[in-house]
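Side-chain atoms are counted along with the backbone in the values below, which use heavy atoms only and exclude waters and symmetry mates. Whatever order the structure lists them in is the order used to number ligands and atoms, beginning at 1.
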Amino acid sequence: MRIDVVTIFPEYLAPLRAALLGKAVDRGLISVGVHDLRDWTHDVHKAVDDSPYGGGPGMVMKPQVWGDALDTVCTDRTRLVVPTPAGRPFTQAVARELADEEHLVFACGRYEGIDQRVVDDASRRMRVDELSIGDYVLVGGEVAVLVVVEAVARLLPGVLGNPRSAAEDSFSDGLLEGPSYTRPEVWRELPVPDVLRSGNHRLIDRWRRDQALRRTWERRPELVDALPEDALDKHDRAL
Ligand SMILES: Nc1cc(-c2cccs2)n[nH]1
């Protein structure tokens, strides 16, 4: 997979070259390009934004600069991702969709946004997703890009040490992850649940699912309601 990021703060994307993602890049599983939007400005002040038509607070990012940048970085096979609080929710399912793409380009805007015509124009040539990573407002899209790239990259074959992790992580079966434990057996008078030391994997799997269901029901009941009809057996419903 090829990932390109266009931003006015390239240094914000340095973590893309560290740790898990750094290894994936070193092993050629992902290639990453970070581009400074100001490289496409032509005025002495390297202006990237301007006052909003219709008035209002803040500044809006200029269409000409973004248009030239995306003309350079994108092709018609690109999937363009624009983080924005006004986007559709970024979920594990969306991460799985993006993980199948050959080329992702991320456009990092500032809070007041990018002139809408940039998305409208790009949509004529490529698929464009305006995505929200949550109902809160950041200052810029860079942090959102780090979130999306990490959630997507970990799904790529070979990136995670243990492929079972991605298949069994939270949301893969529509439920939240239950509690995890490791040594010692008792820590500050808190024991590990006996079932996990029983060696009875049928019971262990049942206990883990019960814990996941209970936690999901307590913390995110809407996820339980969204489960497909046949997802819960009679034991689950008795919980
Ligand atoms: N979910 C979300 C995205 C954002 C921003 C993207 C770009 C500027 S602010 N805030 N919250």
List the atom pairs, with distances to 0.1 Å, where a side-chain N or O of residues 188-203 and a protein N or O form a donor-acceptor pair under 3.5 Å, not counting sequence neighbours.
| residue | atom | partner | partner atom | Å |
| --- | --- | --- | --- | --- |
| D194 | OD1 | R197 | NH2 | 3.2 |
| R197 | NH1 | E185 | OE1 | 3.2 |
| S198 | OG | V195 | O | 2.7 |
| S198 | OG | N200 | N | 3.0 |
| N200 | OD1 | R202 | N | 3.1 |
| N200 | OD1 | L203 | N | 3.0 |

List, one per line, each side-chain donor-acceptor pair under 3.5 Å for residues 44-67, sequence neighbours excluded.
none

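Residues L239 and L213 are in side-chain contact: their nearest non-hydrogen atoms beyond the backbone lie under 4.5 Å apart.
The list of side-chain hydrogen bond (donor to acceptor under 3.5 Å, both in side chains) pairs with a residue in residues 11-29, not counting sequence neighbours, is empty.
Closer than 4.0 angstrom to ligand 1 sit non-hydrogen atoms from P83, T84, P85, G109, R110, Y111, S132, I133, G134, Y136, V137, L138, V139, G140, G141.
A distance of 9.5 Å separates CZ of F9 from CG of D36, quoted to the nearest 0.5 Å.
When every heavy atom of T78 is checked against every heavy atom of H103, the shortest pair comes out as OG1-ND1, 2.8 Å.
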